[in-house]
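Reminder, nothing fancy here: chain letters follow the sequence lines and each chain counts from 1.
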Amino acid sequence: MVHVRFSPSPTGFLHVGGARTALYNWLFARHHGGIFSLRIEDTDRQRSSEEFTKDIMAGLQWLGLDWDKGPIFQSQRLETYNRYVEMLLSSGKAYYSEEEGKKAVRFKMSDDTLEFKDLIRGTITFDASLIEDFVLRKADGFPTYNFACVVDDAEMKITHVIRGDDHIANTPKQLALYKALELEAPKFAHLPMILGEDGARLSKRHGATAVKEYMELGYLPDALVNFIALLGWAPGDDRELVSREEMIKDFTLERVGSTSARFNKTKLDWMNSQYIRQTPSEELVRLLKPFLSRAGVNVEGVEESWLKRLVELYKERFKTLQDFFLQTSFFFTEEIEYQPEVVDKHLKSEEITGLLHEVHDALSGLEEFKKETLEGCLRGVVERKHVGFGKLAQPLRVAITGRTVSAGLFETMELLGKERTLKRLSHCLHTFCRAGSI
RNA sequence: GGCCCCUUCGUCUAGCCCGGUCUAGGACAUCAGAUUUUCGAUCUGAGAACAUGGGUUCAAAUCCCAUAGGGGUCACCA
């Protein structure tokens, strides 16, 4: 039975690199019908914190990476590690060493050649004599990473260790420990790193690195999962949008590449927009509400069916949940702001004033404020004025939305409603257009 | 610096293990055209890569070696 684990240390928020490691472990376990465990490596008492543990678990849950066992906390397993320390001490494979008044236990490193077959890179060989005796138990009584990792992987009967390739250099030490403890080593697969857009190691200066940040920016978990899955793995054919089920079915370590990948936000944005389109509108409404609230919208006061229609109007236009409000804010307020440059360019001319006047009058007389009737009405206006519809569209858009970019005019007006549309129109005529008073 | 890993379009990658089907495929991005009430979306099309140098072979992106470049790691951190 395959048994893998994700074993983060709670010294920081769950970041995309860790998320991908977790994802690959999870996919591997699900593909083989095995076990996926979560182990918290909190042996650094200074840097570990419960806040990070919570963040990591919340992040995994949000991504839909459910674990079968755990979380197991290393900080609660000191007796176990001590038992193994005693074994090594009594067999002479470990010894006490004191430096600067701190008494630790060190492992007596062998001096042979250590070799293992990495499932992703093939055989990797190390000269053990180049590795110095390393600490097993720190002066504070806690085990070090390499030691706790080996003890736990052995006790948990982990079959495959899938982790970042920054752990390659740790592997010979762990191999030596397995040998000294007469335990069978698991198989190893070292994943290449995820780099920032510029090819440097991913860090805060690259923008969002924490999973939580992507959640707050309005990325859908499925989209993020799909995107990071493809950073190092490919299904083998030309598919880009791969569902979880397909990933589980097709995921193998053989198909994981060995070269580091750069994080590409533009492609993530594209992928997120694809997932947004796939998501039912009712679901989007539900997901969007927290974002609207945070933006200051009184969500309780917004009619559900109206919001759903707005979502449908913008469904192919917003790339993230946060982006939705950025594009539709003028629907949620009474007053809107007009940028002077935009007003100057689109509203300040005799001809436009006349046109908008005409539009205001025509719209006032409408019984029904639906997109079909609106279209008929507006096209009638430009026809009577002998101008192209393009002449009217932009100024009118600016007048009722305050922007030069929006969804279709008729749909926009319908959703905005007669009252607000006319109010904004007359406000513009009064304020910006020289000739105008209604 | 020692040790280890990596190197296909700008980016993510397919192909590499099992040399010929590769005039190297796809996606994002870019550019052009179409459409159009703006932007976007959409459709069509274009440009764009086997790091370099040696081998091996009838034949190399695919195998071998060297060089260069990038990354990782050298803690009583994980």
Side-chain angles (χ1 to χ4, degrees), chain A residues 7-12 41-48 74 97-100 102-106 118 120-122 124-127 130-132 134-149 163-173 190 192-195 197-201 227-241 254-255 257-271 273-274 277 314-319 327 346 375 378-379 382 388-398 401 403-410 412:
Chain A
S7 51
S9 87
T11 53
E41 310 216 327
D42 54 350
T43 53
D44 182 333
R45 289 200 283 179
Q46 270 72 48
R47 296 198 302 143
S48 295
Q74 291 188 323
S97 86
E98 190 163 335
E99 273 161 48
E100 291 164 13
K102 292 194 293 181
K103 201 171 166 199
V105 175
R106 279 183 188 272
D118 190 277
I120 291 173
R121 297 153 209 274
I124 300 178
T125 310
F126 292 91
D127 181 353
L130 263 27
I131 301 169
E132 62 179 17
F134 58 94
V135 171
L136 296 178
R137 189 173 65 197
K138 298 179 269 185
D140 66 3
F142 278 66
T144 54
Y145 163 73
N146 284 118
F147 183 56
C149 180
R163 72 218 316 191
D165 70 9
D166 47 338
H167 285 296
I168 289 181
N170 284 320
T171 310
K173 296 179 185 175
H190 288 97
M193 311 243 85
I194 295 180
L195 273 22
E197 311 247 3
D198 58 358
R201 190 178 192 144
F227 176 73
I228 62 177
L230 261 30
L231 248 30
W233 173 81
D237 48 35
D238 290 337
R239 276 175 293 163
E240 297 284 336
L241 265 21
E254 291 74 57
R255 295 213 58 81
S258 54
T259 62
S260 50
R262 299 186 188 204
F263 196 89
N264 182 194
K265 183 180 174 295
T266 311
K267 187 163 183 178
L268 170 62
D269 283 346
W270 167 79
M271 195 161 274
S273 69
Q274 297 301 308
R277 290 168 194 211
Y314 276 81
K315 201 162 180 174
E316 293 186 351
R317 309 179 73 96
F318 63 101
K319 292 188 187 305
Q327 292 192 43
H346 297 279
E375 173 155 18
L378 294 180
R379 292 205 187 274
V382 295
F389 186 70
K391 195 82 188 170
L392 167 67
Q394 251 342 48
L396 182 55
R397 183 187 319 280
V398 167
T401 70
R403 350 177 142 207
T404 55
V405 171
S406 79
L409 257 185
F410 314 125
T412 298

Task: For rA68(B), the Watson-Crick or wobble counterpart (both distances under 3.5 Å) - done: rU7(B)
- [ ] Would you indicate what Leu409(A) reaches in the nucleic acid, counting non-hydrogen atoms under 4.0 angstrom: base, sugar-phosphate, or nothing?
- [x] base
Open item on the list: At 4.0 Å (heavy atoms only), tell me whether Ser406(A) reaches a base, stays on the sugar-phosphate, or touches nothing.
Closed with: base
Task: Paired nucleotide for rU30(B) [Watson-Crick or G-U wobble; both distances under 3.5 Å] - done: rA46(B)
Task: N or O in side chain of Arg255(A) less than 4.0 angstrom from rG15(B) OP1/OP2 - done: yes
Open item on the list: Can you tell me if Arg397(A) touches the phosphate of rU36(B), counting only side-chain N or O atoms and a distance under 4.0 Å to OP1 or OP2?
Closed with: no
Open item on the list: When the P atoms of rG70(B) and rA75(B) are compared, how many Å lie between them, rounded to an integer?
Closed with: 24 Å
- [ ] Check if the side chain of Arg47(A) and the base of rC77(B) share a donor-acceptor pair of N or O atoms closer than 3.5 Å.
- [x] yes
Open item on the list: What's Ala139(A) touching, base or sugar-phosphate or nothing? Going by heavy atoms closer than 4.0 Å.
Closed with: base
TODO: Give one of base, sugar-phosphate or nothing for Phe126(A), where a contact means two heavy atoms less than 4.0 Å apart.
DONE: sugar-phosphate
Open item on the list: Under 4.0 Å, counting only non-hydrogen atoms across every strand here, what does Ala148(A) touch: a base, just sugar-phosphate, or nothing?
Closed with: nothing
- [ ] Write down the partner of rC16(B) under the Watson-Crick or G-U wobble criteria, each distance required to be under 3.5 Å.
- [x] none
Open item on the list: Categorize Gly236(A) for me: base, sugar-phosphate, or nothing, with a 4.0 angstrom heavy-atom threshold over every strand shown.
Closed with: sugar-phosphate
- [ ] Give Ala104(A) one of three labels, base, sugar-phosphate or nothing, depending on what nucleic acid heavy atoms sit under 4.0 Å from its own.
- [x] base
TODO: State which of rA41(B), rC76(B), rA27(B) makes the closest approach to the side chain of Lys267(A).
DONE: rA27(B)
TODO: Using Watson-Crick or G-U wobble geometry with both distances below 3.5 Å, tell me the partner of rC63(B), or none.
DONE: rG55(B)
- [ ] Name the nucleic acid region contacted by Ser273(A), choosing base, sugar-phosphate or nothing; use a 4.0 angstrom heavy-atom cut-off, strictly under.
- [x] nothing
Task: Nearest-nucleotide pick for Ile124(A), side chain only, options being rA41(B), rG26(B), rC4(B) - done: rC4(B)
TODO: Determine the contact category for Arg201(A): base if any of its heavy atoms lies under 4.0 Å from a base atom, sugar-phosphate if only primed atoms, P, OP1 or OP2 are that close, otherwise nothing.
DONE: sugar-phosphate
Open item on the list: Under 4.0 Å from OP1 or OP2 of rA78(B): is there any side-chain N or O of Lys173(A) that close?
Closed with: no
TODO: Look at all strands and tell whether Gly232(A) reaches a base, only sugar-phosphate, or nothing, counting heavy atoms closer than 4.0 Å.
DONE: sugar-phosphate
- [ ] Using Watson-Crick or G-U wobble geometry with both distances below 3.5 Å, tell me the partner of rU36(B), or none.
- [x] none
Open item on the list: Does Asp237(A) reach a base, just sugar-phosphate, or nothing at all? Heavy atoms under 4.0 Å.
Closed with: nothing
- [ ] State whether a side-chain donor-acceptor pair under 3.5 Å links Ser406(A) with Arg397(A).
- [x] yes
Open item on the list: Using the P atom as the point on both nucleotides, what is the distance between rC50(B) and rU42(B), in whole Å?
Closed with: 30 Å
